[in-house]
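What follows is a single structure, written as structure tokens, with notes after it.
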Amino acid sequence: QVQLVESGGGLVQPGGSPRLSCAASGIFFKINDMGWHRQAPGKQRELVAVISSGGSTNYADSVKGRFTISRDNAKNTVYLQMNSLKPEDTAVYYCYADLKLSYFASLRSYWGQGTQVTVSS
């Protein structure tokens, strides 16, 4: 069974720089893209950042220049370094991994349980 476990959320002051981590565990063949979505109260879930297995990245316009996504393929872990946080970054952050359980299996998205990030003074 595949599990994605996030860590690193919490209460952060405006301008703060926390780092989120998400580690995938279990038995699987390959991980393709990994990334982060977020959902603020009363809003739809939105893509924050994604990184391919080769290291190509893509960001939401709202976080470009402030957030950096990275991954350690040996540890099956994706990170989100968040800098210059604003109150509007307050949300539950969910990591995901697109992976195949076996060579012949279809690519599927697996999600973490979410970690709350609250930006407030």
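Just so it is clear, the model here is predicted, and its values are computed rather than measured. Numbers here simply count residues along the sequence, with the first being 1.
Residues P18 and L85 approach most closely at CD-CD1, 3.3 Å, considering heavy atoms. Across every non-hydrogen atom of W36 and L47, the tightest pair is O-CD1, 3.6 Å. Residue A97 comes nearest to L4 through the heavy atom pair N-CD2, 3.6 Å, listed as atom of the first residue, atom of the second, then distance. Taking each heavy atom of T77 and A23 in turn, the nearest pair found is OG1-CB, 3.6 Å. Summarising the geometry of R71 relative to N73, their closest heavy-atom pair is NE-OD1, 2.6 Å, with the distance given to 0.1 Å. The nearest pair of heavy atoms linking E46 to R38 is OE2-NE, 2.7 Å.
Relative orientation of the F29 and Y103 rings is perpendicular, given thresholds of 30° and 60° on the angle between their planes. Taking the six-membered ring where the residue is Trp, W111 and H37 present perpendicular rings, their angle passing 60° and hence far from 30°.
Cluster annotation: V92 is not connected to V78 through the hydrophobic network of ILVMFWY side chains, with a link wherever side-chain heavy atoms come within less than 4.5 Å. Both V119 and Y59 are part of a single hydrophobic cluster, where members link through side-chain heavy atoms under 4.5 Å apart. Tracing side-chain contacts under 4.5 Å through hydrophobic residues (I, L, V, M, F, W, Y), one never reaches Y96 starting from V2; they form parts of separate clusters. By the rule that hydrophobic residues join a cluster once side-chain heavy atoms approach within less than 4.5 Å of another member, Y110 and V50 end up as members of separate clusters. A continuous path of hydrophobic side-chain contacts links Y93 to V63 [ILVMFWY only; heavy atoms under 4.5 Å].
If you take OG on S109 and CE on M34, they are separated by 11.5 Å, rounding to the nearest 0.5 Å. A distance of 11.0 Å separates CG in D33 from OG1 in T57, rounded to the nearest 0.5 Å. Taking OG of S121 as the reference point, atom CG of L11 lies at 9.5 Å (rounded to 0.5 Å). Atom CZ in F67 sits 9.5 Å away from atom CD in Q81 (nearest 0.5 Å). Interatomic distance, CG of N58 versus CD1 of I69, reported as 9.5 Å (0.5 Å rounding). In this structure, the separation between OG on S7 and CZ on R19 is 8.5 Å, given to the nearest 0.5 Å.
Judged by distance alone, with hydrogens and angles left aside, the side-chain atoms of S120 form no donor-acceptor pair with the main-chain N or O of T118 at under 3.5 Å. In this structure, the side chain of E6 engages the main chain of G114 through a donor-acceptor pair within 3.5 Å.
Remark: Q44 CD is loosely packed, at most 12 non-hydrogen atoms of other residues, nucleotides or ligands lying under 6.0 Å away.
The pair K64-D61 meets the salt-bridge criterion, with a side-chain N (NZ, NE, NH1 or NH2) lying under 4.0 Å from an Asp/Glu carboxylate O.
The shortest distance between side-chain heavy atoms of L101 and I27 does not fall below 4.5 Å. Looking at heavy atoms from C-beta onward, L80 lies in side-chain contact with V48 at the 4.5 angstrom threshold. In this structure, the side chains of T90 and E88 stay at 4.5 Å or more apart for every pair of heavy atoms.
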Is there a side chain to side chain contact (heavy atoms under 4.5 Å, CB included) between T115 and L20? Walk through the geometry before answering.
CA-CA 9 Å; T115 185; L20 304 182; 4.1 Å; yes
Take N83 and S17, measure what side-chain hydrogen bond (donor to acceptor under 3.5 Å, both in side chains) needs, and give me the verdict at the end.
CA-CA 4 Å; N83 297 326; S17 300; 3.2 Å; yes
